[in-house]
Amino acid sequence: MDHEKIEQAVRLFLEGIGEDTDREGLKDTPARVARMCEELYAGAEDDAAVHLARTFTSKSSEMVLEKDITFYSTCEHHILPFYGKAHIAYIPDGRVVGLSKLARTVETYARRLQLQEQLTGQIADALMEHMAPKGAIVMIEAEHMCMTMRGIKKPGSRTVTIARRGVFESDPVLEERFFRMLGR
């Protein structure tokens, strides 16, 4: 990450909206924003394969569900946050992964400039590629600041996206069980 370019861009932005970049409250803002970017966009350097590589033998072929994984991301269209909950389920095919690795996979993709639709698919695809389960399903519910604080200004509205892979694409009973387990 290029801190110098980020700091220059923040200074130009502040000047562009009519601020004095030398005033006390803004003097260190460009450097603070550059450091913040390290954290918010760390997923660009992260690889989901690292998190999903450590699997364990399991005879179970029952659905594994981790729900209500809180995430924060940034919309690539307006550079504004969107945040919410991710729900992930998969059907093991002889291997399971540590539950924290599912949350880490969400973080890997959420900590990038993103579209919610893309984020949902990336998580499902990573599970299929690196864990080789019989199937995976990912549902994300999120509030987008580009919808709530600007534009249409509809706070509380949520966008829901779903990505189904493997047996979840062909077996509606499994998908129905997923929703029941979510309490829907």
Side-chain angles (χ1 to χ4, degrees), residues 39-148 154 156-184:
E39 183 178 345
L40 294 184
Y41 307 115
E45 302 296 322
D46 203 1
D47 182 1
V50 172
H51 306 300
L52 297 172
R54 177 84 193 247
T55 60
F56 306 95
T57 302
S58 175
K59 293 179 183 174
S60 173
S61 61
E62 293 297 320
M63 187 184 310
V64 176
L65 169 66
E66 187 169 346
K67 64 182 188 174
D68 296 327
I69 303 167
T70 301
F71 74 91
Y72 300 90
S73 193
T74 307
C75 169
E76 68 182 32
H77 292 156
H78 296 101
I79 318 273
L80 285 172
F82 68 95
Y83 55 91
K85 304 281 185 184
H87 316 289
I88 300 173
Y90 68 95
I91 306 293
D93 192 11
R95 308 289 295 172
V96 294
V97 69
L99 295 177
S100 70
K101 305 310 184 200
L102 298 175
R104 289 183 191 281
T105 300
V106 171
E107 286 297 301
T108 292
Y109 293 109
R111 290 180 179 262
R112 302 174 181 190
L113 288 176
Q114 250 325 343
L115 298 175
Q116 182 176 332
E117 301 87 342
Q118 177 176 279
L119 172 62
T120 309
Q122 287 173 330
I123 295 166
D125 291 340
L127 295 176
M128 294 303 289
E129 180 181 348
H130 303 297
M131 291 176 55
K134 293 176 182 175
I137 188 168
V138 176
M139 180 175 139
I140 292 181
E141 303 172 275
E143 186 167 334
H144 292 250
M145 297 306 286
C146 60
M147 285 271 300
T148 62
K154 296 296 178 197
S157 62
R158 292 182 309 174
T159 301
V160 179
T161 51
I162 297 173
R164 297 174 299 134
R165 304 291 188 265
V167 294
F168 283 99
E169 293 177 286
S170 58
D171 188 343
V173 172
L174 279 176
E175 185 175 16
E176 184 180 319
R177 186 180 304 155
F178 169 74
F179 287 115
R180 277 196 324 269
M181 290 172 73
L182 285 178
R184 305 221 181 331

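- Residue Arg54 qualifies as open at atom CZ: its count of foreign heavy atoms under 6.0 Å is 12 or below.
- The side-chain heavy atoms of Met131 and Arg95, taken from C-beta on, include no pair separated by under 4.5 Å.
- Residues Asp125 and Arg165 are paired through a salt bridge, judged by an N-O separation under 4.0 Å between the basic side chain and the carboxylate.
- Distance check: Asp171 CG to Ile137 CD1 gives 10.5 Å after rounding to the nearest 0.5 Å.
- Taking every heavy atom of both residues into account, Ala48 and His130 meet most closely at C-CD2, 4.5 Å.
- Shortest non-hydrogen contact noted between Gly98 and Phe56 is N-CE1, 3.9 Å.
- Counting heavy atoms from C-beta on, the side chains of Arg112 and Ser73 never come closer than 4.5 Å.
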Does the pair Ile123 and Val106 meet the rule for a side chain to side chain contact (heavy atoms under 4.5 Å, CB included), with working shown? CA-CA 6 Å; Ile123 295 166; Val106 171; 3.9 Å; yes

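- Side chains of Gln114 and Gln122 form a contact here, defined as non-hydrogen atoms less than 4.5 Å apart.
- With sequence neighbours left out, the side-chain contact (heavy atoms from CB on, under 4.5 Å) criterion links Ser61 to Lys134.
- Atoms CG and CD1, from Asp68 and Ile88 in turn, are 11.5 Å apart once rounded to the nearest 0.5 Å.
- Counting heavy atoms from C-beta outward, Thr70 and Lys85 have side chains that approach closer than 4.5 Å.
- More than 12 heavy atoms of other residues, nucleotides or ligands lie within 6.0 Å of CZ in Phe179, so this atom counts as buried by the packing criterion.
- Nearest approach of Ala126 to Thr105, heavy atoms of both residues: CB-CG2, 4.3 Å.
- In this structure, the side chains of Leu65 and Leu182 come closer than 4.5 Å at one or more pairs of heavy atoms.
- Below 30°, between 30° and 60°, or above 60°: for Phe71 and Phe82 the angle between ring planes is above 60°, a perpendicular geometry.
- Here the straight-line distance linking atom CG of Leu174 with atom CZ of Phe168 works out to 5.0 Å at 0.5 Å rounding.
- How far SG of Cys75 is from CG of Leu113: 8.5 Å, rounded to the nearest 0.5 Å.
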Checking side chain to side chain contact (heavy atoms under 4.5 Å, CB included) for the pair Val138/His87: CA distance, chi angles, key distance, verdict? CA-CA 6 Å; Val138 176; His87 316 289; over 6 Å; no

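- Scanning both residues, Lys101 and Val97, for their nearest heavy atoms gives CB-CG2, 3.6 Å.
- At least one side-chain heavy atom of Thr159 sits less than 4.5 Å from a side-chain heavy atom of His144.
- At least one side-chain heavy atom of Tyr90 sits less than 4.5 Å from a side-chain heavy atom of Leu102.
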Would you sort out whether Leu119 and Ile140 count as a side chain to side chain contact (heavy atoms under 4.5 Å, CB included), showing the intermediate values? CA-CA 9 Å; Leu119 172 62; Ile140 292 181; 3.7 Å; yes

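- When the salt bridge (Lys or Arg N to Asp or Glu O under 4.0 Å) test is applied to Glu141, the partners found at least two apart in sequence or on another chain are Arg158, Arg184.
- The structure places CD of Glu107 at 12.0 Å from OG of Ser100, a figure rounded to the nearest 0.5 Å.
- Checking Thr161 against Gln116 by side-chain atom types alone, a donor-acceptor pair falls below 3.5 Å.
- For Thr120 against Ile162, the heavy-atom pair with the smallest separation is CG2-C, 3.8 Å.
- No side-chain donor from either of Thr148 and Lys154 sits under 3.5 Å from a side-chain acceptor of the other.
- Taken to the nearest 0.5 Å, the CE atom of Met181 stands 5.5 Å off from the CE atom of Met63.
- Counting heavy atoms of neighbouring residues, nucleotides and ligands inside a 6.0 Å radius, atom CD of Glu45 does not exceed 12 of them.
- Considering Met139, Arg164, Lys67 in turn, Met139 is the only one that fulfils the side chain to side chain contact (heavy atoms under 4.5 Å, CB included) rule with Phe178.
- The minimum heavy-atom distance linking Ala132 with Asp93 is given by the pair O-CB, 3.7 Å.
- His51 has its side chain within reach of Thr108: a pair of non-hydrogen atoms, C-beta onward, lies under 4.5 Å apart.
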